[in-house]
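Worksheet for the structure shown next.
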Amino acid sequence: MRIATWNVNSARARIDRITSWLSRSDVDVLAIQETKCRDDQFPALAFEEIGYEVAHHGTNQWNGVAIASRVGLSRLQIGFPGQPAFRDQLEPRAIGADCGGVTVWSLYVPNGRTLDDPHYEYKLRWLDALWDASASWLDASADRPLALVGDWNIAPLDEDVWDMAVFGNSTHVSDPERKAYQRFADLGFSDAVRPFTPGPGVYTYWDYTQLRFPRREGMRIDHMLVSSATHVTGGRIDRDERKGKGASDHAPVIMDVAVQ
DNA sequence: ATGACGCACTTGGTGCGA
């Protein structure tokens with residue numbers, strides 16, 4: 001079974017690109033982030049027309065997550081237990097479902113903005129709460145494949161950004177963020193894609209400005225973490241999808257999972 | 001190397017992104 005994750009930077013602006021990509025990528029389950037719309041604005045019909053069920057969680061023009069699946073979509077979960085709020089708002093940053101034998105979570109981890117912004121503290125709280133929820137999911141069913149996929153907004157290693165000097169005191173590379181990410185390994189999670197896409201210089205995001213993409217100046221921040229019960233047979237980053245007019249600033253990240 | 005920010009919003013300047 002093939003599972004992908006993609007921060008699309010607006011589902012409505014990019015719907016033709018998304019369905020076109022799905023139609024030629026043999027993807028069974030697509031986790032989507034940054035749909036930037038409410039549920040009633042989400043272009044669900046376009047997914048259904050090409051054979052995918054789709055579930056969306058969005059409340060306004062910010063954030064928004066979805067899962068599209070052609071191998072079933074059951075036990076839908078909107079947000080995770082204990083998910084923190086930001087300024088009293090529970091933001092649409094997590095949606096989960098059982099798809100073809102794998103529990104898939106589409107996650108949009110808070111950006112953090114700057115190290116002294118309340119959003120940074122929120123990001124760390126959000127990651128801690130996700131860790132707690134993940135521990136309880138594994139306690140309940142350790143044998144069931146579980147994938148935490150999406151835009152983690154963390155570059156785990158120095159080589160996951162093109163120049164650490166540029167990121168000196170920025171979010172995405174700070175020690176607390178990296179520790180919060182690495183701590184998932186304590187639960188048995190591993191990066192499904194990295195073994196198949198070794199660095200350095202391998203990224204999933206390139207800023208729209210300053211010719212970052214053609215200069216190959218990006219960041220590796222979109223990850224697929226899988227539980228130890230998840231048997232991964234392949235992984236890939238579709239860098240080509242970042243090319244051309246109307247591209248998202250993120251590329252799709254893909255893994256193949258052997259399911260019984 | 002596959003190109004010089006893009007999206008959404010009480011639509012035109014602002015918030016957000018990483």
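Predicted model only: the values in this text are computed from it and were never measured. Numbers restart at 1 for each chain; the letters A, B, ... are given by sequence-line order, proteins then strands.
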key: Below 4.0 Å: OP1/OP2 of B/dC7 and any side-chain N or O of A/Gln41   = no
note = Rounded to whole Å, the CZ-P distance (A/Arg239 to B/dA1) equals 9 Å
query = With a non-hydrogen cut-off below 4.0 angstrom, is A/Arg215 in contact with a base, only sugar-phosphate, or nothing?
reply = nothing
request  = Tell me whether the OP1 or OP2 atom of B/dA18 has a side-chain N or O from A/Asn7 closer than 4.0 Å.
outcome  = yes
key: A/Thr209 side-chain N/O to B/dA4 phosphate OP1/OP2 under 4.0 Å   = no
request  = Indicate, with a heavy-atom threshold strictly under 4.0 Å, whether A/Ser10 touches base, sugar-phosphate, or nothing.
outcome  = sugar-phosphate
task = Tell me what A/Arg14 touches on the nucleic acid: a base, only sugar-phosphate, or nothing, going by heavy atoms under 4.0 Å.
result = sugar-phosphate
task = Mind checking side chain to side chain contact (heavy atoms under 4.5 Å, CB included) for A/Ala258 and listing every partner two or more places apart, or none if nothing turns up?
result = A/His231, A/Thr233
key: Side-chain heavy atoms of A/Thr171 within contact of A/Asn153, under 4.5 Å   = no
request  = Report the distance from atom CZ of A/Phe213 to atom P of B/dG17, rounded to the nearest whole Å.
outcome  = 23 Å
query = Counting any heavy atom closer than 4.0 Å, what does A/Arg220 reach on the DNA or RNA strands: base, sugar-phosphate only, or nothing?
reply = nothing
request  = Establish, with yes or no, whether the OP1 or OP2 oxygen of B/dC7 is under 4.0 angstrom from a side-chain nitrogen or oxygen of A/Asn9.
outcome  = no
Nucleic acid contacts - residues 110-122 of chain A versus DNA chain B, non-hydrogen atoms under 4.0 Å = A/Asn111, A/Arg113
task = Using the C1' atoms only, state how far B/dG15 lies from B/dT10, rounded to an integer number of Å.
result = 15 Å
key: Phosphate OP1/OP2 of B/dA4: any A/Arg212 side-chain N/O under 4.0 Å   = no
ask   = Is A/Arg242 near enough to B/dC5 that one of its side-chain N or O atoms lies under 4.0 angstrom from OP1 or OP2?
value = no
message = In whole Å, I'd like the distance from the CG atom of A/Asp160 to the P atom of B/dA18.
response = 16 Å
ask   = When the nearest nucleotide of DNA chain B is assigned to A/Asn153 and to A/Asn60 on a heavy-atom basis, which residue is associated with the more 5' position?
value = A/Asn60
query = Heavy atoms under 4.0 Å, any strand shown: does A/Tyr108 hit a base, just sugar-phosphate, or nothing?
reply = sugar-phosphate
